[in-house]
Amino acid sequence: MIETIGLGRNYDGKVAVEDLNLKVNDGEVFGLLGPNGAGKTTTIRMLCCLIGQTSGTAYVNGFEINKEPDASSIRSVVGLLPESPGLYESLSATRNLDFYAQLYGVPKDKREKRIEELLRMLELWDRREEPIATYSKGMKQKIAIARAFVHNPQIVFLDEPTAGLDPAASVTVREFLLQLSGEGRTIFINSHHLDEVERLCDRTAIMNRTVLAAGSPKELTSRFWGRTTVIELSDSPERFVDAVRGIEGASKARVEGGKIMIDLDDPEKRNPAIVDALTRAGAKVEYVSELKRSLEDVYLKLVGGGQR
Amino acid sequence: MNFDRVMAVTRKDFAEFRKNKYILMTLIVMPLILSIVLPMIYISVINSVGTQSTGEVHLNITVTINYEGVSLSNITLADARLERVNMTNCVLTSCIVGNSTVTRSVLTSVDISNTSIQDCLIFNSRLASVQDDGGNYIRGSFYVGGNDQAKQLRDILFNLLLLWLILIPVMIPTVTASYSFVGEKTNRSLEPLLATPISDFELLVGKSASIFLISIGATWMAFLIAAGVVDLLVSPELGSHPLPNAYWLLGMVLLAPGMCLMSILANVLISSKVSDVRVSQQIGGVLVMPIILFFILSMTGVLASGLLPLFLVSMLVFAIDAAILWISLRIFRREEILVKWK
Ligand SMILES: Nc1ncnc2c1ncn2[C@@H]1O[C@H](COP(=O)(O)OP(=O)(O)OP(=O)(O)O)[C@@H](O)[C@H]1O
Ligand SMILES: [Mg+2]
């Protein structure tokens, strides 16, 4: 479990993170979203005990960050994918991974098995003996991701895992993460890739210096917009919108882009009555659907940058 | 300190060094050049010592008596040829001595070859393959006795050569340490590395150990090559292989490692404040090397004079090493390195 309590960090007086309160449960895949410079990387670095906090504190697996001997305990149960892969370019993929496994004290036979397993999952087993310098950017990223998992850590922090990956490679990595997220492992992902967070994460938080919203992607979208029923008629919705407004709970029905939009708390219960009213008023209903709000919409609403 | 983690870092660095042509060149070419060129310069000096001390020798011997296979004591001889003769307390003038032993005698204008000489006074003579009490062969003619000036001078020159070769363990780390420490920074590999359970101290020790081992390895190779070159060039004249002597061995075992550590630690200090490999190397070359060189040169007089000063200075070097290590450990802070990247 990860819990931050009023966590904050300044760089020479400039605030990067302030009063951050987050809770990530065991076995959860958690997505931290935020614009450039929101403090996502700073947060991960504090949680990995790489840099100190300037206010508040946090607990990772019950150990307090940046406090010995807790920090050592955190380091041994945590895996990290930093912003840049930071691999040893002249060494092979296996040599890179083996080095890290050694630092975590993984015994030799387990190391070999684990490295083979990871490289096969990431489709890089065939190139394992080639120096990293000959790898493409995306391949390096995959090796760096494998490195974060090489010691079977309980908690993994991934700073933009699919940055620089092509769509196919992103799918590979996403499947890889889903596969490894079982086994009760907590995965903490920093991302800009909203679609990915929506698909991958059990819960997410949107931050800009501090947490703006947190919850499952579904919760977030419904919290910010409620649920909206969209009705398409064969002609002139303006004529029929008043018929809808008469129905209980649907008084805020509006016409948008030639469609009737109705924000409803309980669409399953209200929709039949609405359709009924429209038909009685003489309208021909072509489609009844639910407006899909994505995490992206929540994100854009919260951090600015225009609304769709 | 977890020894496995230290070893893991050291082995990883070795693997990286093996792949780095620039480091390999530094490890092979530089010591090779120094270990061959420096001795050759020195040999010309060393060889000139023997003949210079008394200048040209003109012998004018007319043999009138022959002695072979006898023992002589307490006699004065002139114009004699002596073969396989044992002489004690003799005075020889204008003689030819071969395959003999001479003890506590005075020899003037004597042509001596293949002879063992002990506690003698020799004037204006020609010597070839002559053995003194120290088991060393000498040439030319000078005062010979318990106090052999030429031998002393030669030993000091050998000592000086060793001190020059200390350049090698000082120079190699300016290249390798920069790659090793600044390389981790520019490579951005320090961040994932510091997220592992390795401590600052373990990292410092592991990385220093890899540099130390290759530097000392190259240094010892260079010393042995230099000793070989000296022996090769000197043995026809002296008839013996003077190096490595006790002074050299002590230098290799104590002073070279001490100076190597000093160079590594000084370069680590620089590396932690610099984010470019070349800048680090330049500072290492411009700042560290001259300081260390100055240190050696200012001590040369004392250092070259014998084993005890060499031992004491080596101990001083280790004390300075400990002080720099203490400072390094306070400067080598993971947060600083990550946050203050420039
Ligand atoms: N080493 C540093 N020194 C000074 N300021 C820093 C440093 N690292 C980050 N900052 C500042 O802290 C703030 C947060 O940076 P951070 O890297 O945590 O953002 P981020 O959310 O990871 O951004 P991105 O999505 O672009 O990676 C930024 O304003 C940045 O300028
Ligand atoms: Mg970032």
Side-chain angles (χ1 to χ4, degrees), chain A residues 9 11-12 16 41-42 44-53 66 68-69 71-92 94-96 98-108 111 131-133 143-145 147-148 150-151 153 156-157 159, chain B residues 1-25 176 179-207 209-210 275 277 332-342:
Chain A
R9 166 80 200 199
Y11 290 105
D12 305 319
T41 300
T42 304
I44 278 195
R45 282 183 170 176
M46 286 189 284
L47 292 176
C48 289
C49 304
L50 286 168
I51 60 174
Q53 68 271 33
N66 293 314
E68 290 299 343
S72 310
S73 309
I74 292 177
R75 288 193 183 103
S76 54
V77 296
V78 151
L80 168 70
L81 166 74
E83 272 186 322
S84 33
L87 298 160
Y88 299 105
E89 298 269 328
S90 61
L91 306 180
S92 69
T94 36
R95 190 68 184 79
N96 267 280
D98 193 58
F99 170 55
Y100 272 84
Q102 283 176 39
L103 290 182
Y104 287 104
V106 183
K108 191 172 168 56
R111 285 206 302 264
I132 295 292
I143 298 296
I145 292 172
R147 185 185 56 198
V150 79
H151 54 300
V156 184
F157 292 96
D159 203 341
Chain B
M1 193 168 85
N2 179 314
F3 195 65
D4 289 342
R5 288 200 286 262
V6 173
M7 284 292 290
V9 171
T10 304
R11 279 199 304 266
K12 186 274 289 175
D13 276 1
F14 274 145
E16 273 192 294
F17 289 156
R18 268 205 304 276
K19 300 278 163 66
N20 189 324
K21 288 195 193 78
Y22 194 48
I23 287 183
L24 288 183
M25 289 280 283
T176 48
Y179 264 103
S180 181
F181 282 90
V182 183
E184 296 269 6
K185 271 206 245 181
T186 54
N187 207 12
R188 302 271 159 147
S189 44
L190 213 48
E191 186 168 355
L193 189 55
L194 293 178
T196 72
I198 196 164
S199 71
D200 295 354
F201 184 64
E202 285 162 359
L203 187 58
L204 191 67
V205 172
K207 295 195 79 65
S210 62
S275 59
V277 173
F332 195 74
R333 286 263 163 269
R334 53 183 68 210
E335 155 134 22
E336 293 254 320
I337 295 169
L338 284 179
V339 174
K340 300 204 170 63
W341 212 278
K342 273 149 234 106

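Proteins come first, then strands; the chains are lettered A, B, ... in the order of their sequence lines, and each starts at number 1.
Looking at A:Y100, the atoms closer than 4.5 Å to chain B (heavy atoms on both sides) all sit in the side chain, from C-beta outward. Heavy atoms of A:L87 lying under 4.5 Å from chain B belong exclusively to its backbone. Interface residue A:P85: only backbone heavy atoms are found under 4.5 Å from chain B.
Scored by the side-chain contact (heavy atoms from CB on, under 4.5 Å) test, A:A71 finds A:C49, A:E68, A:R75 as partners (sequence neighbours excluded). Partners of A:R111 according to the side-chain contact (heavy atoms from CB on, under 4.5 Å) rule, which considers only residues two or more places apart in sequence or in another chain, are A:D98, A:A101, A:Q102, A:V106, A:K108. Residues forming a side-chain contact (heavy atoms from CB on, under 4.5 Å) with A:T94 (at least two apart in sequence, or on another chain): A:S92, A:I115, A:L119, A:R128, A:E129.
Using a 4.5 Å cut-off on side-chain heavy atoms (C-beta onward), B:T196 and A:F99 make no contact.
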(request) Any chance you could lay out the side chain to side chain contact (heavy atoms under 4.5 Å, CB included) test for B:R188 and A:E83, step after step, and finish with the verdict? (result) CA-CA 9 Å; B:R188 302 271 159 147; A:E83 272 186 322; over 6 Å; no
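Here the straight-line distance linking atom CD1 of A:I132 with atom OG of B:S189 works out to 12.0 Å at 0.5 Å rounding. Between the OG atom in A:S84 and the CD atom in B:E191 there is a gap of 6.5 Å [rounded to 0.5 Å].
Counting only distance, with no hydrogens or angles, the side chain of A:Y88 and the backbone of B:E184 share no donor-acceptor pair below 3.5 Å.
What you find for A:L50 and B:A195 is that their closest heavy atoms are CD2-N, 3.7 Å. Across A:G86 and B:P192, no two heavy atoms sit closer than the pair O-CG, 4.0 Å.
Residues of residues 13-24 of chain B that come within less than 4.5 angstrom of chain A, heavy atom to heavy atom, are B:A15, B:E16, B:K19 in numerical order.
In terms of heavy-atom pairs under 4.5 Å with chain A, the best-connected choice from B:V9, B:I198, B:L194, B:N187 is B:N187.
Among B:D4, B:L203, B:L193, the single residue meeting the side chain to side chain contact (heavy atoms under 4.5 Å, CB included) criterion with A:L103 is B:L193.
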